2 protein chains.
Amino acid sequence: MNLEKAWKLLKNNGFKETEKRDRILRQFSGNDKYLTARDLLDVLQKDYPGISYDTVYRNLATFTGLGILEETELSGERHFRMQCESAEHHHHFICTDCGKAKEILLCPMEMLTESLPAYKVESHKFEIYGTCPECQ
Amino acid sequence: MNLEKAWKLLKNNGFKETEKRDRILRQFSGNDKYLTARDLLDVLQKDYPGISYDTVYRNLATFTGLGILEETELSGERHFRMQCESAEHHHHFICTDCGKAKEILLCPMEMLTESLPAYKVESHKFEIYGTCPECQ
DNA sequence: GATGTAAATCGTAATCATTCTGAATTGGAG
DNA sequence: CTCCAATTCAGAATGATTACGATTTACATC
């Protein structure tokens with residue numbers, strides 16, 4: 001996902017172009033790390049000292065709902081990052097140190113949908129945690 | 001995991017046998033569902049009206065630490081259930097309706113440890129969510 | 001460019017899960 | 001039975017997230 005695509009999606013869904021939204025999208029755009037709402041708030045406060053929690057959380061929810069951001073729960077906190085460019089379904093190795101994600105193309109679901117007869121599968125989560133080469 | 005094994009573990013690690021602990025373990029023992037701390041508190045309050053959050057959370061932490069319970073994060077809340085009997089490493093299909101878990105023996109990690117050179121893998125999470133046959 | 005209006009933001013309080021604290025109680029070793 | 005550390009209680013504190021009324025802003029329309 002890049003900025004143009006994100007704004008196109010937002011406009012098509014009737015969302016207005018605001019400074020704060022632009023600032024938030026730019027933050028994620030130049031950064032492949034997972035960020036918490038607080039991380040983001042801390043960054044935005046440098047440019048917008050009076051920025052509200054509401055603005056941060058509401059926009060994170062909007063962006064996630066439109067598929068601009070993706071979300072995961074790490075140690076009890078929601079973390080967000082820009083949706084990957086790659087069209088294929090994939091999973092992530094996530095560095096617990098720096099928050100960076102590496103794509104994993106293998107999906108275990110392909111191998112076991114037929115081994116769950118009578119179960120209605122709705123979603124799945126596969127994530128690998130550890131330390132990336134840079135952080136070791 | 002059964003009650004005897006659980007108590008053996010607790011005793012071996014110097015934990016005392018208390019009414020509350022026994023009640024909590026029995027709750028999980030007769031039940032293969034994932035429960036939140038609040039679910040558990042609600043159940044315990046019928047027998048022990050004055051039971052404290054502290055007791056519930058502290059014991060959940062103790063039991064999880066000893067491997068008596070296993071834990072997962074579902075929609076922002078920690079959920080607990082008795083550790084499975086099976087010795088083999090496995091994952092779960094979790095019913096989002098009733099919380100019941102079905103064991104999945106396939107582990108995707110086996111297929112990709114060598115495809116992550118230079119990455120230090122520490123843990124992983126693979127869970128499938130949906131509706132079990134009984135809940136459809 | 002001025003105006004109207006719904007959307008967005010602000011400022012702050014409320015909520016919810018979880019953790020902490022200090023006092024009171026209890027299991028079980030001796 | 002006595003004693004002491006472990007456990008529990010009661011309630012306050014914390015931290016993430018959501019809610020809300022008042023204010024401001026984007027932008028469609030004139």
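Protein chains get the first letters and strands the later ones, always in sequence-line order, with residue 1 at the start of each. Computed from a predicted structure; not experimentally measured.
- A heavy atom closer than 4.0 Å to some atom of DNA chain D occurs in B/Arg58, B/Asn59, these being the qualifying members of residues 58-65 of chain B.
- Of all the residues in residues 26-35 of chain A, not one reaches under 4.0 Å from DNA chain D with any non-hydrogen atom.
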Every protein N/O lying under 3.5 Å from an N/O of nucleotides 16-20 of chain C:
| unit_1 | atom_1 | unit_2 | atom_2 | d |
| --- | --- | --- | --- | --- |
| C/dT18 | OP1 | B/Arg78 | N | 3.3 |
| C/dT18 | OP2 | B/Tyr57 | OH | 2.6 |
| C/dT18 | O5' | B/Tyr57 | OH | 3.4 |
| C/dT18 | O3' | B/Arg78 | NH1 | 3.4 |
| C/dC20 | N4 | B/Asp54 | OD1 | 3.4 |

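- With sequence neighbours excluded, the residues that form a salt bridge (Lys or Arg N to Asp or Glu O under 4.0 Å) with A/Asp47 are A/Arg23.
- Every residue meeting the ring pair (Phe, Tyr, Trp, His ring centres under 6.0 Å) condition with B/Tyr119, not counting sequence neighbours, appears here in chain and number order: A/Phe93.
- B/Tyr57 pairs by the side-chain hydrogen bond (donor to acceptor under 3.5 Å, both in side chains) definition with nothing, not counting sequence neighbours.
- No engagement by A/Glu19 is indicated, since no non-hydrogen atom pair under 4.0 Å with the nucleic acid exists.
- End-to-end axis angle of the helix from C/dG1-D/dC30 to C/dG30-D/dC1, from C1' rotation axes over five pairs per end: 30° (rounded to 10 degrees).
- The side-chain hydrogen bond (donor to acceptor under 3.5 Å, both in side chains) search around A/Arg78 returns A/Glu71, not counting sequence neighbours.
- B/Glu127 is linked by a salt bridge (Lys or Arg N to Asp or Glu O under 4.0 Å) to B/Lys125, counting only residues two or more places apart in sequence or in another chain.
- With 3.5 Å as the limit, one finds a donor-acceptor pair spanning the side chains of B/Thr36 and B/Asp39.
- Annotation: side-chain hydrogen bond (donor to acceptor under 3.5 Å, both in side chains) contacts of A/Ser123 (sequence neighbours excluded): none.
- For DNA chain D, the contact window with chain B, defined by any atom under 4.0 Å from a protein heavy atom, covers D/dA5 to D/dA10 in 5' to 3' order.
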Check nucleotides 3-6 of chain C against the protein and report each pair of N or O atoms closer than 3.5 Å, with its distance, or say if there are none.
| unit_1 | atom_1 | unit_2 | atom_2 | d |
| --- | --- | --- | --- | --- |
| C/dA6 | N3 | A/Lys16 | NZ | 3.4 |

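- At C/dT26, none of the side-chain N or O atoms of B/Lys20 fall inside 4.0 Å of OP1 or OP2 (strictly under the cut-off).
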